[in-house]
Amino acid sequence: MALTLAALVAERPLGLRVRAAEAGLGRAIGWVHPTELTDPQAFLEGGELLLTTGLALDETTSPGYIRRLVDAGVAGLGFGVGLSHESIPRSLVETADEVGLPVLEVPRKTPFIAITRAVSRAVAADEYASLVRTGKGQQELTRTAVGKGGPGGVVRKLAKLVDGWVLLLDSSGAVTEASPSARPFADGLQDDFARLRAGTLVTVVGEYEVVLQTLDTRARGVLAVGTREPLDAAAQHIVNTAVSLLSLALEQNREHVDAVRRLRAGLCDLLAAGQAELATRTMKSLWGGVPEAPWSVLAVAGPAGARRSLADALDAEVAGDKAFFGESGAFVIAFGDVETVARQASRIGGLHAGLSDPVSTVDFPAGLRQAKQAAEAARAERSPLVRFAEHAGRGFLEMVDSQAAQAFSDSLLAPLRHHDETGRGELVASLACWLEHHGHWDLASARLGVHRHTLRNRMRKVAELTGRDLDSPGVRAEFWLALQVSART
């Protein structure tokens, strides 16, 4: 901590006495400069304790002299008595009191060099303490960065070292890491974040001075450090170290993420090329498992930035044995737990998804084509999700006379609706779900929340009431068409 005028006066061997502006003794002393010039402004930087014997000063010239020192930003004036003056000129003291410049009386027995040495020792001690603090802080941050703490650990450690709060913001201004209780300050930084392009910006949020500093990464990131007092030199060095460590960590993480995404895209290409065995074997070795088939393939279309945001969100949420996602051209592809992927896509906005019929691993290329076609339909309709079965059904219905189609639907489904109205079952809904899952008993019963034997009994009842053989592909198609017409009315 820098030596103040008060601390210098407290050194009794120097014998200094306060003669003016005692309220300003809290000022820090940057250096000591003895001079007899009446206008030393050109030789000062500010913050000095100026020492003089007043050789060229008197009652007339002293007031102007004091005002020039104030303009130069000196911390205080040490006036040596017993040489040129037996006492400090009264006008000098009165003016100093008026303008708030502390004046210390230096007795004849105290050489100026003794004051210089006292200040020099204090400055050296302060610089050494700052150096030690900087080195210790850099070591603690480095250990945290290379340990298990990662970027979040660095942010929390930095907050402790500077006695403040710290936020790490991504390219959109969203908080990616935060020290305890720091997140509420993010909203107050958005305007300044928008103005910052590179380098450093200092602003104020409430009672905190906030330093915003950009990270040296390909993806724009910003570190925000808020403290009640301005950062001193040691704290600035510590913050710069944190910026370097975070930049390195985030860049390495980005390279790792990019490599994994390229691998995922390659596996999508293998599946699309019919190399299901090789692709699934690789997935198992890398992620410990593969989603259970049959797969409903989800394709998500939209702007590149939105697709990348979706991939970022999925990296943190999707497990390898529950769902797989990757990129295929201008689409994000997923299968397995596609509901999680679709939910994330809807949160981001600007994305449109298409869902295929359930397919086996070897039929993945067909499922991928269906999903992409449905996604394009969703984008054209500005819909968040379109199922391929619905898309394909709508396409055929456009070619059928609507009145004839409605009559056909009412006639075919009438026995089932009458049965359902008696409260003895849900044949229409069960038939639609069973057809949607291509007659897959386990998948359809799980979606309906009933036992598969219950679903089998319902389908036998459908066949009995309608006199139709559900094992016939043509009959299934007729029922599907009737259900689609019914859904449109």
Side-chain angles (χ1 to χ4, degrees), residues 1-2 4 24 26-31 44-48 70-75 123 126-127 129-138 140-142 144-145 151-251:
M1 185 174 183
T4 64
R27 297 178 181 178
I29 304 172
W31 195 240
L44 303 176
E45 294 181 349
E48 298 89 353
V70 171
D71 292 340
V74 300
V123 170
D126 187 54
E127 290 179 349
S130 178
L131 182 63
V132 170
R133 179 185 165 203
T134 299
K136 183 179 179 181
Q138 290 173 334
E140 291 185 21
L141 286 173
T142 303
T144 302
V154 172
V155 165
R156 292 187 291 272
K157 176 64 70 175
L158 177 61
K160 292 181 179 180
L161 292 173
V162 300
D163 190 23
W165 53 263
V166 179
L167 293 170
L168 183 60
L169 309 175
D170 64 13
S171 58
S172 67
V175 177
T176 59
E177 300 290 349
S179 63
S181 305
R183 288 184 180 272
F185 294 101
D187 290 341
L189 294 173
Q190 293 306 309
D191 290 342
D192 295 301
F193 176 87
R195 291 191 295 116
L196 180 62
R197 290 292 175 265
T200 303
L201 185 150
V202 180
T203 186
V204 175
V205 176
E207 59 186 11
Y208 292 90
E209 179 177 283
V210 184
V211 176
L212 296 172
Q213 189 160 340
T214 56
L215 303 182
D216 185 19
T217 58
R218 286 176 293 173
R220 181 189 178 215
V222 173
L223 185 68
V225 181
T227 53
R228 296 183 185 275
E229 299 293 335
L231 296 175
D232 58 19
Q236 291 174 12
H237 286 304
I238 292 172
V239 170
N240 289 337
T241 298
V243 168
S244 298
L245 291 171
L246 288 170
S247 298
L248 179 61
L250 293 177
E251 193 65 16

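In this text the structure is predicted, and so the values were computed from the model without any measurement. FYI, side chains are in, hydrogens and waters are out, and symmetry mates aren't considered; it's all heavy atoms of this structure.
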| query | Between Leu223 and Leu158, is any pair of side-chain heavy atoms under 4.5 Å apart? | reply | yes
| request: Report the residues that fulfil side chain to side chain donor-acceptor pair (under 3.5 Å) with Gln236, sequence neighbours left out, ordered by chain and then residue number. | output: none
| What residues, two or more places apart in sequence or in another chain, satisfy side chain to side chain donor-acceptor pair (under 3.5 Å) together with Thr227? | none
| message | List the residues meeting side chain to side chain donor-acceptor pair (under 3.5 Å) with Gln213, not counting sequence neighbours, and say none if there are none. | response | Asn240
| Quick one: salt bridge (Lys or Arg N to Asp or Glu O under 4.0 Å) partners of Asp232, sequence neighbours excluded? | Arg133
| query | Would you say Val175 and Leu169 make side-chain contact, with heavy atoms under 4.5 Å? | reply | yes
| With a 4.5 Å heavy-atom cut-off, do Ser247 and Val243 have their side chains touching? | yes
| said: Test your reading of the model: is there a side-chain donor-acceptor pair from Thr203 to the backbone of Val210, 3.5 Å cut-off? | reply: no
| remark: Sorted by chain and residue number, the salt bridge (Lys or Arg N to Asp or Glu O under 4.0 Å) partners of Glu140 (sequence neighbours excluded) come out as Lys157
| request: Looking only at non-hydrogen atoms, find the nearest pair between Leu44 and Ala72 and report the distance. | output: CD1-CB, 3.8 Å
| Taking all atoms of both residues into account, what is the closest heavy-atom pair of Pro180 and Arg156, and its distance? | CD-CG, 4.3 Å
| request: Identify the two heavy atoms, one from Ala242 and one from Val154, that lie closest to each other, and give their separation to 0.1 Å. | output: CB-CG1, 4.3 Å
| task | Only counting residues at least two apart or in another chain, list the ones meeting side-chain contact (heavy atoms from CB on, under 4.5 Å) with Ala182. | result | Trp165, Leu167, Ala178, Ser179
| request: Report yes if some heavy atom in the side chain of Leu231 is under 4.5 Å from a heavy atom in the side chain of Ile238; otherwise report no. | output: no
| request: Kindly give the heavy-atom pair with the smallest separation between Ala235 and Val162, and that separation in Å. | output: CB-CG1, 4.3 Å
| task | Kindly give the heavy-atom pair with the smallest separation between Leu212 and Phe193, and that separation in Å. | result | CD1-N, 4.2 Å
